[in-house]
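Only one structure is covered here, and it is reproduced in the block below.
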Amino acid sequence: MATTEEKATPCCSPNLLPPRASGAKGGAPRSEAAVGEWIAAADPKRSASAATAISPLVPVEDVKDPPAKASLPGIPMMLRAQTRHPLDPLSAAEISVAVATVRSAGATPEVRDSMRFVEVVLLEPEKNIVALADAYFFPPFQPSLLPRTKGGPVILSKLPPRRARLVVYNKKSNETSIWIVELSEVHAATRGGHHRGKVISSEVVPDVQPPMDAIEYAECEAAVKNYPPFIEAMRKRGVDDMDLVMVDAWCAGYHSDADAPSRRLAKPLIFCRTESDCPMENGYARPVEGIYILVDMQNNVIIEFEDRKLVPLPPADPLRNYTPGETRGGVDRSDIKPLHILQPEGPSFRINGYFVEWQKWSFRIGFTPREGLVIHSAAYIDGSRGRRPVAHRLSFVEMVVPYGDPNEPHYRKNAFDAGEDGLGKNAHSLKRGCDCLGYIKYFDAHFTNYTGGIETIENCVCLHEEDHGILWKHQDWRTGLAEVRRSRRLTVSFICTVANYEYGFFWHFYQDGKIEAEVKLTGILSLGALQPGESRKYGTTIAPGLYAPVHQHFFVARMDMAVDCKPTEAFNQVIEVNAKVEDPGQNNVHNNAFYAEEKLLKSELEAMRDCDPFSARHWIVRNTRTVNRTGQPTGYKLMPGLNCLPLAGPEAKFLRRAAFLKHNLWVTPYSRDEMYPGGEFPNQNPRINEGLVTWVKKNRSLEEADIVLWYVFGITHIPRLEDWPVMPVDRIGFMLMPHGFFNCSPAVDVPPSANEIEKDGGSPKLIQNGLLAKL
């Protein structure tokens with residue numbers, strides 16, 4: 001593997017780094033055998049319910065295992081029994097074995113031929129297994145992660161076999177099933193799929209529809225474009241060439257019993273490109289309205305069709321395209337000079353497989369077809385206090401985009417982009433366009449396609465460092481001495497396209513202990529057509545005959561916190577903080593007093609909370625048994641950013657499936673079955689309030705627990721003309737900030753940047769002015 005000095009990497013090229021030596025709800029299997037005897041040996045009281053799933057993600061270059069460590073006193077040396085960490089995503093070979101195992105278990109050839117593989121993901125093990133792996137088998141090699149036991153630690157000689165979890169749709173019977181397959185080490189290493197895994201369990205999940213697949217979308221488009229009544233309807237609108245027609249197969253949602261999951265349905269939106277020489281002609285600039293289509297996706301047939309209203313196609317907008325220069329009919333600006341980001345000594349991060357170390361931070365990278373990027377085991381190395389955990393698992397688990405126009409077809413545009421489509425499955429290969437600069441480490445992602453084949457998204461996840469302006473600064477006006485430090489952050493990200501919109505999902509790690517979650521929104525507006533002379537108050541007119549409906553984007557971040565907690569500990573609680581104005585009186589004679597009022601959120605129903613900028617409301621996850629130097633509990637603060645709530649009536653149809661949008665914050669104790677706020681299968685879900693809203697009715701105690709934060713954040717998009725033809729990036733997110741976690745600023749030890757030392761000759765400068773002369 002080339003070192004960073006040997007292989008300087010420009011933007012969008014893989015950077016090869018030297019290695020460092022060193023479940024789901026809704027029908028998930030629950031049998032004791034499904035988890036195995038190794039869990040019983042570690043903790044016989046642990047639940048054996050279905051585990052959280054993580055999809056295969058692969059580093060661009062494999063990193064060799066670190067050499068075996070010498071035995072610790074009193075602990076026998078263990079041979080490396082497994083080469084893959086329990087949280088490492090499945091390899092392509094493992095996916096092939098899992099698919100072949102399930103397919104071969106089909107009762108008849110007809111059943112096997114009808115299998116469609118929606119997801120094949122890693123079954124994440126219990127936290128105590130992850131602790132064991134991180135203590136003795138893999139970096140960070142931290143034995144203190146395991147609880148102390150009388151007579152010394154009892155250490156297994158090998159880790160348990162890895163397991164895959166498969167969501168399988170039977171195209172003939174319209175049934176969805178969940179399978180658990182065990183993968184031995186030899187199975188994982190198999191290249192040709194000659195060996196098979198072992199089926200641990202399988203279960204049919206009734207009354208659900210799994211996410212749609214890209215193959216289904218393509219088949220739906222072909223079926224609609226070949227349907228004679230549709231061809232005739234397009235001819236009425238002046239379109240004879242079906243190659244110009246775009247069919248976006250939106251999921252049906254759930255608006256009435258007609259949308260029940262007994263049928264697999266789609267209600268497509270239609271667009272039509274303009275004939276031109278542009279290499280990326282913007283078809284979304286010509287929406288086709290007045291045509292209603294209902295598609296049976298199981299059998300790929302049109303079951304309802306109606307040409308309800310002849311709405312003329314909008315005229316071709318001369319400003320519709322966004323490709324360079326003349327290809328869009330414009331001229332590009334010519335005054336931009338090159339900007340190069342140079343790191344002559346290489347990056348400051350170190351990569352060992354999926355384990356990342358940077359500026360006292362360490363964590364593991366994961367990826368799922370549904371969530372996309374996942375951050376595991378985030379921790380900060382704090383001097384003599386060692387490696388201190390902050391979070392077990394961080395990810396974006398759902399997003400909902402409801403539109404605010406009551407007219408057809410916009411009222412039914414309520415996309416659940418994670419649960420109905422999958423953020424990870426729609427991720428980009430950053431080979432085709434990357435916004436990262438400097439030294440970059442890419443990771444590839446492996447998935448199964450609908451028929452069980454393996455597909456790879458190359459350069460799917462990007463990891464790189466960014467300069468972030470001033471970290472801190474102060475100048476002593478008496479002496480003229482000044483100290484300043486530049487901030488640097490480590491960014492891990494991926495970008496996905498869901499129909500017309502692009503979403504970039506970012507996790508930023510800072511030198512002062514902060515973690516920032518950020519979503520960048522761009523892409524193309526989903527438009528509607530207007531009759532000549534018509535206007536609508538539920539959107540913005542973008543061009544003649546063309547308008548953009550108002551809508552909202554909501555994201556749900558699930559944060560399995562671990563503030564100063566080992567994987568097997570549950571010593572966290574949540575405090576709400578509100579700034580309060582002191583009442584007039586003896587304690588506030590000058591009427592200027594205010595203070596921070598803290599309230600412990602004792603149970604789940606108490607912890608359904610909303611943002612309040614008027615009181616600077618925020619929440620702190622505190623450790624109940626660890627204190628800082630002032631004797632106060634250590635903690636991490638959830639600091640909200642821009643946010644909103646749904647602009648819809650309480651009976652809005654989309655809120656049946658998305659009741660979790662009604663509050664900005666939910667808090668639950670950790671449960672392996674509770675992964676997705678609207679349940680695992682929101683597609684055509686007829687059940688009201690499934691998921692988070694139902695779970696919290698248990699009203700479990702939060703006073704000392706393994707805390708999971710569910711933060712719902714959104715943006716209300718009232719389109720502008722400047723959002724056309726492609727939207728400049730809009731940003732939304734939140735921050736996790738240390739609050740009493742450290743004894744002082746953890747960034748005080750960041751050294752001056754090299755260019756500042758050279759500029760100043762290695763010593764601070766005195767600033768001479770009139771005031772200093774007087775002093």
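Computed from heavy atoms alone, side chains included, the values below leave out hydrogens, waters and symmetry copies.
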Note to self: For a 4.5 angstrom cut-off between non-hydrogen side-chain atoms, does Leu90 reach Leu183?
What the structure shows: yes
Next item on the list: Determine whether Pro738 and Lys637 make a side-chain contact, defined as any pair of heavy atoms from C-beta on separated by less than 4.5 Å.
Entry: no
Next item on the list: Could you tell me the separation between the CG atom of Leu736 and the OH atom of Tyr510, rounded to the nearest 0.5 Å?
Entry: 11.5 Å
Check: For residues Asn699 and Ser603, is any side-chain donor paired with an opposing acceptor at under 3.5 Å?
Finding: yes
Margin query: Is it the case that the ring center of Phe367 lies less than 6.0 angstrom away from the ring center of Phe443?
Written below: no
Note to self: Going by the rule ring-ring contact (aromatic ring centres under 6.0 Å, His included), which residues pair with Phe571 if we only count those two or more places apart in sequence or in a different chain?
What the structure shows: none
Check: Ignoring hydrogens and geometry, is there a side-chain-to-backbone donor-acceptor pair from Arg393 to Asp560 under 3.5 Å?
Finding: no
Next item on the list: Check step by step if salt bridge (charged side-chain N to carboxylate O under 4.0 Å, His left out) holds for Glu576 and Arg609.
Entry: CA-CA 9 Å; Glu576 179 173 287; Arg609 307 299 296 161; 2.6 Å; yes
Note to self: So does Phe742 get a backbone contact from the side chain of Asn628, meaning a donor-acceptor N/O pair under 3.5 Å?
What the structure shows: no
Notebook entry, point to check: Looking at Phe506, Tyr676, Phe555, Trp507, which one forms a ring-ring contact (aromatic ring centres under 6.0 Å, His included) with Phe396?
Noted result: Trp507
Checklist line | Short N-O contact, Arg84 and Glu94, less than 4.0 angstrom | finding: yes
Notebook entry, point to check: Is there a donor-acceptor pair under 3.5 Å between the side chain of Glu604 and the backbone N or O of Arg700?
Noted result: yes
Check: Shortest non-hydrogen contact from Trp361 to Ala379?
Finding: CE3-O, 3.2 Å
Notebook entry, point to check: Quick one: does Val356's side chain get under 4.5 Å of Leu490's, heavy atoms only?
Noted result: yes
Check: Would you call Leu145 and Pro567 a side-chain contact if the rule is heavy atoms closer than 4.5 Å?
Finding: yes
Checklist line | Nearest heavy atoms of Glu398 and Gly419, plus distance in Å | finding: OE1-N, 3.1 Å
Next item on the list: With rounding to the nearest 0.5 Å, note down the distance linking NZ in Lys360 to CG in Asp382.
Entry: 7.0 Å
Notebook entry, point to check: What about the rings of Phe734 and Phe713, do their centers lie closer together than 6.0 Å?
Noted result: yes
Next item on the list: Hey, could you give me each pair passing salt bridge (Lys or Arg N to Asp or Glu O under 4.0 Å) that has a residue in residues 562-573? Not counting sequence neighbours.
Entry: Arg388-Asp564
Check: Is a side-chain donor-acceptor pair under 3.5 Å present for Arg687 with Asn685?
Finding: yes
Notebook entry, point to check: Which heavy atom in Cys460 sits nearest to a heavy atom in Ala427, and how many Å separate them?
Noted result: SG-CB, 3.7 Å
Next item on the list: Check the pair His85, His376 against side-chain contact (heavy atoms from CB on, under 4.5 Å), reporting the backbone distance first and the verdict last.
Entry: CA-CA 12 Å; His85 188 277; His376 294 283; over 6 Å; no
Margin query: Ignoring hydrogens and geometry beyond distance, is a side-chain donor-acceptor pair present between Trp666 and Thr668 at under 3.5 Å?
Written below: no
Next item on the list: Give a yes or no answer on whether the side chain of Lys425 reaches the backbone of Val118 with a donor-acceptor pair at less than 3.5 Å.
Entry: yes
Check: Does the side chain of Ser493 reach to within under 4.5 Å of the side chain of Phe505, using non-hydrogen atoms?
Finding: no
Check: Does the side chain of Phe416 come within less than 4.5 Å of Asn683's, by heavy atoms?
Finding: no
Notebook entry, point to check: Taking it one step at a time, do Arg103 and Phe117 satisfy side-chain contact (heavy atoms from CB on, under 4.5 Å)?
Noted result: CA-CA 10 Å; Arg103 183 172 275 143; Phe117 295 86; 3.3 Å; yes
Margin query: I'd like to check Ser177 versus Asn170 (side-chain heavy atoms, cut-off strictly below 4.5 Å). Are they in contact?
Written below: no
Margin query: Looking at Lys698, I'd like to know if its NZ atom is crowded, meaning that more than 12 non-hydrogen atoms belonging to other residues, nucleotides or ligands lie closer than 6.0 Å.
Written below: yes
Note to self: Checking the side chain of Arg370 only, and the main-chain atoms of Glu680 only, is there a donor and an acceptor separated by less than 3.5 Å?
What the structure shows: yes
Margin query: Can you tell me how far apart CH2 (Trp695) and CG (Asp673) are? Round to the nearest 0.5 Å.
Written below: 8.5 Å
Check: Looking only at heavy atoms, which two atoms of Ala133 and Leu159 are closest? And how far apart?
Finding: CB-CD1, 3.9 Å
Checklist line | Close side-chain approach of Leu709 to Val574, heavy-atom, < 4.5 Å | finding: yes
Margin query: Among Glu371, Met675, Glu674, which residue satisfies the side chain to side chain contact (heavy atoms under 4.5 Å, CB included) criterion with Arg558?
Written below: Met675
Next item on the list: Without swapping roles, check the side chain of Gln209 against the backbone of Pro261 for a donor-acceptor pair under 3.5 Å.
Entry: yes
Margin query: Looking at Thr568 and Asn128, would you say the former's side chain and the latter's main chain have a donor-acceptor pair under 3.5 Å?
Written below: no
Notebook entry, point to check: Once you round to the nearest 0.5 Å, how far does CG of Asn352 lie from CZ of Phe138?
Noted result: 9.5 Å
Checklist line | Over all atoms of both residues, closest heavy-atom pair of Ile620 and Gly635 | finding: CG2-CA, 4.2 Å
Margin query: Please tell me whether Phe741 and Tyr380 form a close aromatic pair, meaning their ring centres lie under 6.0 Å apart.
Written below: no
Check: In Å, rounded to the nearest 0.5 Å, how long is the span from CG of Leu601 to CH2 of Trp619?
Finding: 9.0 Å
Next item on the list: State whether Glu126 and Arg672 are salt-bridged, where the test is any N-O pair (Lys NZ or Arg NE/NH1/NH2 against Asp/Glu carboxylate O) under 4.0 Å.
Entry: yes
Check: Can you tell me if Asn689 uses its side chain to pair, donor with acceptor, with the backbone of Thr694 under 3.5 Å?
Finding: no
Next item on the list: Over all heavy atoms of both residues, which pair between Leu122 and Pro86 is shortest? Give the atoms and the distance, please.
Entry: CD2-O, 3.1 Å
Check: So how far is it from Ile375 CD1 to His392 NE2, rounded to the nearest 0.5 Å?
Finding: 15.0 Å
Item checked: For Phe554, all residues meeting ring-ring contact (aromatic ring centres under 6.0 Å, His included), sequence neighbours excluded -> none
Check: When you measure from the side chain of Arg162 to the backbone N and O of Leu123, does any donor-acceptor pair fall under 3.5 Å?
Finding: no
